[in-house]
Amino acid sequence: MLLDPTFLAIQFLNGLQLASLLFLLAVGLSVVFGLMGFINLAHGTLYMIGAYIGLSVARSTGSFWLALVAAPVAVALLGMVFHVVLLRHMQAASPMKQVLVTFGLIFVGLDSVRYIWGNYSHGIDLPAVLAGGVSVLGETYPIYRLFIIGLGLAVLAALHWGLERTRLGALVRAGVDDRETAAALGIDVGLAFFAVFCLGCALAGLAGVVAAPVLSVYPGMDMSVLILTLIVVVIGGPGSLKGAALGALVIGMAQTFGQVLVPALASVMIYAVMAAVLLARPGGLVRARHG
Amino acid sequence: MLAIEDLHVWYGSSHVIQGLSLTVPAGGAVALLGRNGAGKTTTLRAIMGLVARRGGRVRLDGRGLESLPPHRIARAGIAYVPESRGIFPSLSVLENLTVAARGTGWSLERVFETFPSLTERRDHGGGALSGGEQQMLAIARALMTNARLLILDEPTEGLAPLVVGEIETLLAGLKETGLGILLVEQNLAFATALADTVHVLGKGRIRWRGDGTELAGVPEITRDWLGV
Ligand SMILES: Nc1ncnc2c1ncn2[C@@H]1O[C@H](COP(=O)(O)OP(=O)(O)OP(=O)(O)O)[C@@H](O)[C@H]1O
Ligand SMILES: [Mg+2]
């Protein structure tokens with residue numbers, strides 16, 4: 001059964017689907033950590049809030065598509081406010097202070113979500129086009145999971161294009177290459193990085209609303225992904241788009257195949273993979289251009 | 001145009017610039033000379049707002065720049081060509097120019113006309129250029145900001161004589177157009193050929209000022225503060 005090609009193909013798709021979600025989450029965290037040296041542990045909280053906002057929008061308007069747009073926008077706005085009132089003042093602070101403050105934000109987020117949406121678990125209904133299944137090597141596979149894979153790939157392609165082909169992308173690369181020279185040429189590096197931070201928040205919100213139909217929405221859903229996301233960032237190599245994608249792929253596959261092939265060791269598997277990667281490449285799979 | 005009054009800079013507890021005053025008149029070219037470690041780069045970085053602790057006044061056409069962040073100082077009308085050239089390696093030659101583009105006067109077309117060697121390399125990575133090409137790109141990029149004052153830190157350092165000659169012709173041409181120039185150099189001949197006024201910096205203070213011919217008449221200044 002284990003080597004049945006259909007089974008392996010299905011698990012491979014499941015691994016890709018998880019990798020896709022992890023990528024959406026990790027890319028913002030990784031880039032903010034890599035570019036600004038800022039550790040935002042509350043990144044998972046943004047994911048949870050994205051899921052809840054998506055839930056509310058989908059329920060009140062009946063449109064999943066609207067939720068898919070509204071959640072990232074709302075979370076980006078929230079991230080913007082957080083940055084302006086709190087995080088911006090923490091950028092020069094020691095990593096330990098950043099960890100403590102953003103760790104505190106996790107609990108603020110948790111209680112706020114409980115207060116607004118209650119302590120229950122919810123799901124989001126899918127639109128008809130995404131609700132069915134398609135045949136994969138004779139097995140029925142949910143269309144929605146393929147949609148998640150496609151979305152992850154589309155976001156990866158869009159980010160790559162944005163970084164390599166747009167003016168904002170060039171400004172960000174210039175700021176990463178040589179922050180002082182960029183500033184001395186009149187480039188507002190802080191503003192460019194702030195835009196990247198907001199984009200990272202939006203993607204965390206997107207991950208939340210996208211995950212809602214497959215994983216249920218409940219207070220604390222952020223904690224279950226935060227650890228995986230941090231591992232993705234660390235093994236991918238902070239600050240690198242390619243690294244976030246590669247790290248998400250490795251962890252998505254390790255988690256999925258670990259669970260079906262060696263269920264007893266599944267939770268250890270991830271850490272074993274992380275340890276192995278870091279022993280071989282202490283800086284992560286992909287080295288960002290600059291420290 | 002640029003007026004620096006009583007500039008002080010500290011690195012930790014070491015007082016590196018100790019009350020430096022200097023003016024660059026509109027459209028003029030001024031050179032700042034000095035030995036290794038005299039504080040030339042530090043002075044330029046202080047003008048651009050790139051040092052942590054400084055005192056004194058820096059004004060551009062009467063406007064105080066001391067409290068502005070570096071990108072605002074640049075936008076006020078100063079373009080900086082750093083000692084390391086500061087070419088962005090992950091940007092193409094074209095992108096190195098376009099990220100700095102601001103205002104009118106120097107456009108991409110005009111820059112490529114003035115720097116034909118960059119035209120051929122427009123799609124190459126910034127890291128793939130030779131030293132001379134990097135210096136040309138750094139100057140071209142500074143021009144793209146359409147600043148009124150160009151600040152250059154040792155533009156001839158490590159370059160072949162032929163390229164130094166090209167840069168001299170180029171800067172002389174730019175000066176003709178009315179661009180103000182503040183030049184840091186160790187190459188005495190290059191600096192005196194270009195600059196109307198020469199300032200000799202030693203141990204954090206201006207030790208002498210005058211023009212190129214006057215400098216030739218004071219060998220003790222050259223001996224004590226320039227070491228040539
Ligand atoms: N970031 C720094 N921290 C501490 N001291 C510094 C720093 N940068 C420069 N210095 C010191 O300040 C003094 C002036 O340095 P600066 O780089 O301005 O000299 P310079 O005239 O540009 O020399 P060079 O001709 O070698 O470029 C030197 O003694 C140098 O060691
Ligand atoms: Mg220097």
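Protein chains get the first letters and strands the later ones, always in sequence-line order, with residue 1 at the start of each.
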Is it true that, when you exclude B:K175 itself, more than 12 heavy atoms of the residues, nucleotides or ligands shown sit nearer than 6.0 Å to its NZ? yes
Determine the minimum heavy-atom distance between B:V99 and A:A170, stating which atoms define it. CG1-CB, 3.6 Å
Can you say whether B:I78 sits under 4.5 Å from chain A via the side chain, the backbone, both, or neither, judging by heavy atoms? backbone
Of the non-hydrogen atoms in B:Y80 and A:A184, which two are nearest, and what is the gap between them? CD2-CB, 3.6 Å
Using atom types as modelled and distance alone, determine if a side-chain donor or acceptor of B:R102 lies under 3.5 Å from a backbone N or O of A:I187. no
Count the heavy atoms belonging to other residues, nucleotides or ligands that lie under 6.0 Å from NE2 of A:H160, then report whether that count exceeds 12. no
Do you know which two heavy atoms are closest between B:G86 and A:D178, and how far apart they sit? CA-OD2, 3.7 Å
OG of B:S92 to CD of A:E164: how many Å apart, nearest 0.5 Å? 10.0 Å
Between B:S90 and A:D177, which heavy-atom pair has the shortest distance, and what is it? OG-OD2, 2.6 Å
Minimum-distance pair of heavy atoms, taken over all atoms of B:R141 and A:T181: NH2-CG2, 3.4 Å
Check whether B:L50 gets within reach of chain A through its side chain, its backbone, both or neither, counting any heavy atom under 4.5 Å. both
For B:A74 and A:G186, which heavy atoms make the closest approach, and how far apart are they? CB-N, 3.3 Å
Report the C-alpha separation of A:R167 and B:E95 in whole Å, then their side-chain angles, then the decisive distance to 0.1 Å, and conclude whether the salt bridge (Lys or Arg N to Asp or Glu O under 4.0 Å) test is met. CA-CA 8 Å; A:R167 180 168 169 83; B:E95 285 174 324; over 6 Å; no
If I measure from the heavy atoms of chain A, does B:R72 come under 4.5 Å with its side chain, its backbone, both, or neither? neither
